Participant: 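Okay, here's the structure, questions in a sec.
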Amino acid sequence: AMPLATILQPVDLGFKRTRFDLGASLFADENWTHRINLRHDVRDGTQRVAGSFFTSAAHLAAPVDQVTDQLEVSTSYHSRLWQATLAYHGSVFRNGSEALTWSNPFSPVVAGSTSGQLALAPSNQFHQIMASAGYQISPTVRASAEVAVGRMTQDAAYLALTTNTSLLVPAVPAQSLQGRANTLNASLRLTAAPHESLRLNASYARDERDNQTPAALYPTLATDMFLGLPRSNQPYSFTQDQFKLSADHRGPGSLKTSVGAEHDTRQRTLQEAETTREATLWGRVAVQPLNMVSLALKLSHAERNAAEYLSVAAIVPAENPLLRKYNMADRKRDSAGLRADITAAENLSIGLNVDIANDDYSHSTIGLLDGRSVNVGADVSIAVDDQTQLNLFAQAERIRSRQAGSQLFAQPDWTGRAKDAVELVGVGLKHTALKGKLEIGADLALSRSRSDVTVEAAALSPAFPRATTLLDSFKLRATYRLNEQLSLTGSYWYERYEAQDWRFDGVLPATIPNLLAFGEQAPRYTVNVVQLALRYRF
């Protein structure tokens with residue numbers, strides 16, 4: 001019933017980013033190096049969000065007023081046998097706009113629901129201490145290790161449950177989330193060459209996220225209108241252990257073979273699959289049948305199994321018990337890759353590659369069922385002369401997937417199919433002039449993609465319209481050495497993007513009865529970036 005033709009107004013969506021970097025390195029002596037880096041990011045502007053009142057919704061322009069400060073400090077030691085680094089990384093994010101309040105553009109369904117409020121990204125911090133070391137045990141054996149311990153915190157104050165003063169709402173159990181999570185990233189690697197033609201590699205990595213955020217039962221409110229059942233937040237944690245073994249062998253002749261085995265175990269809390277295990281076997285063979293031709297073939301097989309898949313009781317409304325989320329479902333994955341490198345002339349080399357992958361979720365009834373991808377590419381490198389190199393490349397990829405769903409919370413009654421295609425071509429040029437003082441480079445890349453989606457239900461449904469994208473990018477860069485210590489560098493980057501997407505195209509502010517939309521169409525934009533830098537080496 002709104003007179004939209006007379007009251008609609010344009011709104012600019014976008015933000016400006018300002019970045020300040022400061023870094024310094026100190027080479028104390030031939031063994032010690034100290035570094036410090038500071039980064040200050042500021043983002044100002046507006047971004048698109050949406051808010052709802054029961055069954056009605058509106059697109060909204062939310063403010064962007066964000067600052068991120070990062071600090072990195074490290075000290076490193078390097079000798080013939082030892083290499084070690086100790087570092088600290090800190091990141092502090094602050095949001096100057098904590099909430100967005102807007103007026104209800106629709107007739108209120110209940111008394112007092114004339115405005116709504118949304119929380120925006122909360123301020124938070126991340127701090128991490130990292131250490132790494134490597135040691136040459138013998139001329140043929142080397143060991144290295146890394147460990148990083150971090151903590152994430154978020155303690156922004158909660159907003160009021162509602163702006164509707166006519167509703168009697170219970171008190172929340174806490175004034176803020178008191179969010180905190182500890183992280184651990186550790187790895188150990190050992191390499192050995194017991195024979196000049198044999199190399200062995202072994203590694204172990206562990207990643208942990210220990211979420212110590214308190215769990216509490218919170219009252220719920222549906223879009224400032226109706227009280228709902230209380231719900232508890234779910235501070236889930238996980239651990240991941242990865243083992244990798246591989247061996248590389250040279251000979252006889254030009255033959256090179258590699259084999260490897262990997263095992264990945266993930267433990268989760270408050271998730272449908274508490275434990276998943278994935279084992280991978282792979283092998284690679286490379287040979288040079290002719291002096292100017294080399295071939296390489298790699299085959300891989302992986303199987304992931306979930307110990308048990310159960311619905312999480314805290315998820316409301318409950319999920320279909322037949323659903324299997326693709327990242328935790330049983331899966332078999334087979335892949336193959338073939339690469340050919342041809343030296344057609346002293347200054348001309350050609351590369352050709354084909355990669356195929358197939359995923360099978362045979363134990364999933366509802367969810368992703370299977371997926372397949374094929375990637376074909378070629379690249380050409382030409383040395384025009386001692387100062388000029390030219391590179392050309394082309395790539396094409398096809399991806400298909402199939403999933404099943406249920407409208408009735410039961411057995412599957414519809415199937416969705418997606419077909420995606422991407423083509424990419426490009427050229428790159430490097431040139432050195434003025435006796436090596438000036439280095440110039442240029443890159444041009446043209447990309448096209450299209451996506452087709454169909455849904456097969458009991459009644460035959462037409463396919464969705466095709467979605468397409470176009471992305472053209474051109475980069476020009478140059479570096480001029482004023483002297484041995486001082487150099488001037490600059491670059492220019494142009495990018496053009498166009499899309500056709502049925503989810504946006506033709507959707508005007510009043511096209512959907514219960515949505516007051518921006519009338520935003522599929523994105524079309526151009527970007528121009530100019531960068532200048534002065535570098536001085538002490």
Side-chain angles (χ1 to χ4, degrees), residues 31 74 76-87 130-149 183-208 238-267 275-291 293-305 331-341 351 353-359 375:
N31 300 114
S74 67
S76 301
Y77 175 81
H78 182 276
S79 67
R80 185 176 64 85
L81 297 179
W82 276 100
Q83 299 82 41
T85 299
L86 180 65
M130 298 163 284
S132 64
Y135 181 66
Q136 194 71 33
I137 300 175
S138 72
T140 60
V141 180
R142 176 176 174 79
S144 61
E146 296 180 357
V147 62
V149 179
T183 62
L184 171 66
N185 308 99
S187 64
L188 180 64
R189 181 179 177 86
L190 183 67
T191 60
H195 189 270
E196 62 180 8
S197 62
L198 179 63
R199 183 180 181 89
L200 305 175
N201 303 280
S203 67
Y204 165 70
R206 183 177 180 86
D207 293 325
E208 291 185 9
F238 70 84
T239 61
Q240 179 182 9
D241 295 291
Q242 288 182 302
F243 295 89
K244 295 182 180 181
L245 294 173
S246 64
D248 303 305
H249 185 264
R250 290 176 173 267
S254 64
L255 181 65
K256 299 177 184 178
T257 56
S258 301
V259 294
E262 302 175 7
H263 192 273
D264 185 325
T265 301
R266 305 193 187 198
Q267 302 279 348
T275 304
T276 56
R277 295 180 175 86
E278 182 169 5
T280 303
L281 296 175
W282 61 269
R284 185 178 184 274
V285 178
V287 66
Q288 191 172 356
L290 301 173
N291 289 334
V293 178
S294 61
L295 302 173
L297 173 66
K298 183 177 181 179
L299 301 175
S300 175
H301 175 75
E303 291 192 17
R304 181 178 66 200
N305 297 288
R331 182 193 66 191
K332 293 182 180 180
R333 170 173 289 178
D334 295 293
S335 61
L338 178 63
R339 170 79 184 183
D341 291 288
N353 69 277
V354 178
D355 295 283
I356 301 173
N358 185 74
D359 291 344
N375 191 310

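Quick caveat: nothing in here was measured; it's all calculated off a predicted structure.
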Participant: Measure the CG-CD distance between D207 and Q240 for me, rounded to the nearest 0.5 Å.
Facilitator: 5.5 Å

Participant: Does any donor atom in the side chain of R266 or Q242 lie under 3.5 Å from an acceptor atom in the other side chain?
Facilitator: no

Participant: Determine, step by step, whether D248 and K256 satisfy the side-chain contact (heavy atoms from CB on, under 4.5 Å) criterion, reporting the C-alpha distance in whole Å, the side-chain angles of both residues, the deciding distance to 0.1 Å, and the verdict.
Facilitator: CA-CA 7 Å; D248 303 305; K256 299 177 184 178; over 6 Å; no

Participant: Does any donor atom in the side chain of D334 or N358 lie under 3.5 Å from an acceptor atom in the other side chain?
Facilitator: no

Participant: Looking at S258 and W282, what are the two nearest heavy atoms and their distance?
Facilitator: CB-CZ3, 3.8 Å

Participant: So, for L299 and A336, which heavy atoms are closest and what is the spacing to 0.1 Å?
Facilitator: CD2-CB, 3.5 Å

Participant: Closest approach of R284 and A286, non-hydrogen atoms and distance?
Facilitator: NH1-CB, 3.9 Å

Participant: So N305 and R277, side-chain contact (heavy atoms from CB on, under 4.5 Å) or not? Walk me through it.
Facilitator: CA-CA 5 Å; N305 297 288; R277 295 180 175 86; 5.6 Å; no

Participant: So, taking the atom named CG in L188 and the one named OH in Y204, what distance separates them when rounded to the nearest 0.5 Å?
Facilitator: 9.5 Å

Participant: Is P289 close to L295 at the side-chain level, that is, under 4.5 Å between some pair of heavy atoms?
Facilitator: yes

Participant: Specify the closest pair of heavy atoms between G351 and R339, including all atoms of both residues, with the distance to one decimal.
Facilitator: CA-NH2, 3.6 Å

Participant: Pair I356, N375 - check side-chain contact (heavy atoms from CB on, under 4.5 Å), show working.
Facilitator: CA-CA 6 Å; I356 301 173; N375 191 310; over 6 Å; no

Participant: Is the number of heavy atoms from other residues, nucleotides or ligands within 6.0 Å of CZ (R250) greater than 12?
Facilitator: no

Participant: Drop me the distance from N185's CG to R206's CZ, to the nearest 0.5 angstrom.
Facilitator: 11.0 Å

Participant: In terms of side-chain heavy atoms, does Q267 have a donor or acceptor partner in T239 at a distance below 3.5 Å?
Facilitator: no

Participant: Could you pull out the closest heavy-atom pair between R142 and G134, with the gap in Å?
Facilitator: NH2-CA, 3.7 Å

Participant: Go through the steps for R199 and T191 under the test side-chain contact (heavy atoms from CB on, under 4.5 Å), then give the verdict.
Facilitator: CA-CA 7 Å; R199 183 180 181 89; T191 60; 3.9 Å; yes

Participant: Would you give the length of the straight line joining atom CG of L200 to atom CG of L245, rounded to the nearest 0.5 angstrom?
Facilitator: 9.5 Å

Participant: Could you state the interatomic distance from CD (E146) to OG1 (T85), rounded to the nearest 0.5 Å?
Facilitator: 9.0 Å

Participant: With rounding to the nearest 0.5 Å, note down the distance linking CD in E262 to OG in S300.
Facilitator: 7.5 Å

Participant: Would you check if the side chain of S335 reaches a backbone N or O of A357 as a donor-acceptor pair within less than 3.5 Å?
Facilitator: no

Participant: Test your reading of the model: is there a side-chain donor-acceptor pair from D264 to the backbone of E278, 3.5 Å cut-off?
Facilitator: no

Participant: Minimum heavy-atom separation for A143 to L190, with atom names?
Facilitator: CB-CD1, 3.9 Å

